[in-house]
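Data first, discussion second: the structure below is written as structure tokens.
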2 protein chains.
Amino acid sequence: MSTKDKILDAAENFIRTQGFNSFSFRDVAAAIGIKSASVHYHFPTKDDLGEAVTDRYSANILASLEAEGAESTAPAIRVDAFIGIYRGALKDARQMCLCGMLGAEIESLGDPVKAAVRRFFQAQENWLASFLRKTHPEQDDEVARARARSAVAALQGALIMARTMDDHSVFEDVAARIRTGLIR
Amino acid sequence: MSTKDKILDAAENFIRTQGFNSFSFRDVAAAIGIKSASVHYHFPTKDDLGEAVTDRYSANILASLEAEGAESTAPAIRVDAFIGIYRGALKDARQMCLCGMLGAEIESLGDPVKAAVRRFFQAQENWLASFLRKTHPEQDDEVARARARSAVAALQGALIMARTMDDHSVFEDVAARIRTGLIR
DNA sequence: GTCTATAATTTGATAGAC
DNA sequence: GTCTATCAAATTATAGAC
């Protein structure tokens, strides 16, 4: 793996576990065995790094949804693919969604990072709303949008609560209700 | 107002808008027109300050619920009081729930602050679960708990999304669905 | 591309005068 | 209780050697 990718991996991990404002270039460098000046070579400023991490994250999530939850797949599978993205990070590494964390800290971020986080949430809402319009063609678009927003919000909040309480059952309780709500 | 209270107010505002790791003792001091050494006099360490802010916040929320959403009140009013606490901060000052922010950043916090945040979420879940057991005595306790957790999670996520998208309608869409879900 | 070295600033925290 | 002064460490970031 290239140094650039290693930097992105380390930075993503720091953001998702501790937040954007509680790690330094030295932390990233130390995590992958280089010096902080080398990190600056690849990403001049912390905002540059944050923007790159966020853009890559968004693209990865959308690609994963296209792979596991493509339009041809059955509705229940598509919903499980969506929820599974949130569950995976929690289970494997006790991580937040990158954009859930950045969204909480949004007021402390530079404009390019802010915009990248916004695009992520818009894409999430759009994916779920599009899914719902397909499975419930009789429903108003505004209802689909409200249902989509509610599901994304609940998943983000479930990650916060499950991590805080150190109890995965919080996430599973919420996920089960979202799943039913989206499929019914 | 005492200096101590002014410090708590300023710190709470910083945490709820920017997060715990993006403000300093100097920021707090400057916000209320004193010097950082005076802040240290009242709260020796940043963890001490964080713990005090969180404990005060929890107590205030519970008191507010007891005032506006007491057990004698009608169910719809009680639910509105609960949701109104989250809506208020967003509407008035574009703020997160203090413990939603700290919950996201939980891994970067000291143990006393962590514990205080946990107590808040437990209290929120307990309040709503107790409400649901009263309004739906026929339902299992585990169902009430799952419904309570889901509502709190959705509200926390709704604050993140509404702030990120700079669009209060995100919160209102989620809040309307939570309200219906809790009252039905 | 990665390093050493360093600048300029900020941070959490303390000592001691008033 | 609040201040000035200060510390040691950490932070973002850059210059220049290799």
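Here is how names work: the chains are called A, B, and so on, in the same order as the sequence lines, proteins then strands, and each is numbered from 1.
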**Asked** So, is A:Lys35 near the phosphate of C:dC3, with a side-chain N or O under 4.0 Å from OP1 or OP2?
**Response** no
**Message:** Side-chain N or O of A:Tyr41 versus OP1/OP2 of C:dG1: is the shortest distance under 4.0 Å?
**Reply:** yes
**Message:** Check A:Asp140 with A:Arg147, please: is the shortest side-chain N to carboxylate O separation under 4.0 Å?
**Reply:** no
**Asked** With a cut-off of under 6.0 Å to the ring centre and 45° to the axis, is A:Lys46 in cation-pi contact with A:Phe20?
**Response** yes
**B:Phe25 CZ - C:dT9 P separation (whole Å)** = 24 Å
**Message:** Check this one for me: any side-chain N or O of A:Ser24 less than 4.0 Å away from OP1 or OP2 of D:dA10?
**Reply:** no
**Prompt:** NZ of B:Lys46 versus C1' of C:dT14: gap in Å, rounded?
**Reply:** 18 Å
**Fill in**
note: B:Asn21, atom CG; C:dT10, atom P; distance rounded to Å ~ 18 Å
**Message:** On the nucleotide C:dT2, are OP1 or OP2 found under 4.0 Å from the side-chain N or O atoms that A:His42 carries?
**Reply:** yes
**Prompt:** Atom CG of B:Asp47 and atom P of C:dT11: how far apart are they, to the nearest Å?
**Reply:** 17 Å
**Item:** Distance, rounded to the nearest Å, where A:Gln18 contributes CD and D:dT11 contributes P
**Value:** 11 Å
**Request:** Examine A:Lys35 relative to A:Tyr41 and say whether NZ or CZ is less than 6.0 Å from the centre of the six-membered ring and inside a 45° cone about the ring axis.
**Result:** no
**Request:** Using whole Å, report how far CZ of B:Phe20 lies from C1' of C:dT11.
**Result:** 13 Å
**Atom pair distance, as rounded to whole Å: CZ in B:Phe14 and P in C:dT11** = 10 Å
**Asked** Roughly how many Å is it from NZ in B:Lys6 to P in D:dG1, rounded to a whole number?
**Response** 13 Å
**Asked** Is any side-chain nitrogen or oxygen of B:Thr3 closer than 4.0 Å to OP1 or OP2 of D:dT2?
**Response** yes
**Asked** Side-chain donor-acceptor pair under 3.5 Å between B:Arg119 and B:Thr54, yes or no?
**Response** no
**Any A:Ser38 side-chain nitrogen or oxygen under 4.0 Å from OP1 or OP2 of C:dG1** = no
**Item:** Flag for A:Asp47-A:Thr45: side-chain donor and acceptor within less than 3.5 Å
**Value:** no
**Touch class at under 4.0 angstrom, heavy-atom based, for A:Phe43 against every strand present** = nothing
**Candidates C:dG12, D:dT12, C:dT4 - which lies nearest the side chain of A:Ala37** = C:dT4
